[in-house]
Enquirer: 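Could you have a look at this structure, given as structure tokens, before my questions?
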Amino acid sequence: MASLNVGNLGEYLREQRRNAQLSLRQLADAAGVSNPYLSQIERGLRKPSAEVLQQVAKALRISAETLYVRAGILDAERDRDEVETRAALLADPTLNARQKQVLLQIYESFRKENGFGADEPDEPAQDDDTTAGDSAVRDPRTVGGSDAAPRQQAGGTRPADGPRDPKTLS
């Protein structure tokens, strides 16, 4: 991920605010952030979250994507579909901030799984000739490929480790 360039972001926000003929206080109120916090963003002292940038962009009636790129949250060269998907998730008023964050994390994990992750190098894809018994998705109750709890063998006897003393079970 690109480093945050909050100086340029602050200058850009100030320019956009002035073009919209809004005072710092008016923009802060419209964006739902405090006046001092917005001032610190404009002066390059604070690194706003994507959510705050989205609120400011909405108040200024400009593209949130532009602010994300200016802040270094998104690279300008990223795939347009990815940017639009992220923007749609962040702009959805029916989702709360936690839900948006979780959806973005899931989305990114699927992109990485499919070789499109932005933060890590592409990993080689697995062979498609897995059999039905060799699923890539493992049961979370397994450890190291074997069940955490031993299975009963045919005939109802315990596995090779022998019977367990009921007093030692917790």
Enquirer: For the atom pair CZ (Arg14) and CG (Asn19), what is the distance rounded to the nearest 0.5 Å?
Expert: 13.0 Å
Enquirer: Quick test of your reading of the model: are Glu108 and Arg86 salt-bridged, counting only N-O distances below 4.0 Å?
Expert: yes
Enquirer: So, using side-chain contact (heavy atoms from CB on, under 4.5 Å) as the criterion, who are the partners of Ala87 when residues are at least two apart?
Expert: none
Enquirer: Can you name the residues that form a side chain to side chain donor-acceptor pair (under 3.5 Å) with Asp92, not counting sequence neighbours?
Expert: Thr94
Enquirer: List the residues meeting side-chain contact (heavy atoms from CB on, under 4.5 Å) with Asp29, not counting sequence neighbours, and say none if there are none.
Expert: Arg25
Enquirer: Under 4.5 Å between side-chain heavy atoms, counting indirect links through other Ile/Leu/Val/Met/Phe/Trp/Tyr residues: same cluster for Leu104 and Leu95 or not?
Expert: yes
Enquirer: Rounded to the nearest 0.5 Å, how far apart are OH of Tyr107 and OG1 of Thr85?
Expert: 4.0 Å
Enquirer: For Gln26, what residues pass the side chain to side chain donor-acceptor pair (under 3.5 Å) criterion, not counting sequence neighbours?
Expert: Ser23
Enquirer: At their closest point, which heavy atom of Ala28 faces which heavy atom of Leu38, and how far apart are they?
Expert: N-CD2, 3.5 Å
Enquirer: Does Tyr68 reach the side chain of Ser63, with side-chain heavy atoms less than 4.5 Å apart?
Expert: no
Enquirer: Going through the checks in order, is the side-chain contact (heavy atoms from CB on, under 4.5 Å) test met by Arg17 and Leu22?
Expert: CA-CA 6 Å; Arg17 177 178 58 79; Leu22 292 173; 4.0 Å; yes
Enquirer: Mind checking side chain to side chain donor-acceptor pair (under 3.5 Å) for Ser34 and listing every partner two or more places apart, or none if nothing turns up?
Expert: none
Enquirer: Is there a donor-acceptor pair under 3.5 Å between the side chain of Arg70 and the backbone N or O of Leu9?
Expert: no
Enquirer: What pairs of donor and acceptor atoms, side-chain ones from residues 50-61 against any protein atom, are under 3.5 angstrom apart with sequence neighbours left out?
Expert:
{"unit_1": "Gln54", "atom_1": "NE2", "unit_2": "Leu90", "atom_2": "O", "d": "3.4"}
{"unit_1": "Gln55", "atom_1": "NE2", "unit_2": "Ala31", "atom_2": "O", "d": "2.7"}

Enquirer: For the CD atom on Gln21, are there more than 12 heavy atoms of other groups (residues, nucleotides or ligands in this structure) within a distance under 6.0 Å?
Expert: no
Enquirer: Measuring from Gln40:CD to Asn35:CG, what's the distance to the nearest 0.5 Å?
Expert: 10.0 Å
Enquirer: What distance separates Glu42 CD from Leu13 CG, expressed to the nearest 0.5 Å?
Expert: 6.0 Å
Enquirer: When you look at CZ of Phe110, are more than 12 heavy atoms from neighbouring residues, nucleotides or ligands closer to it than 6.0 Å?
Expert: no
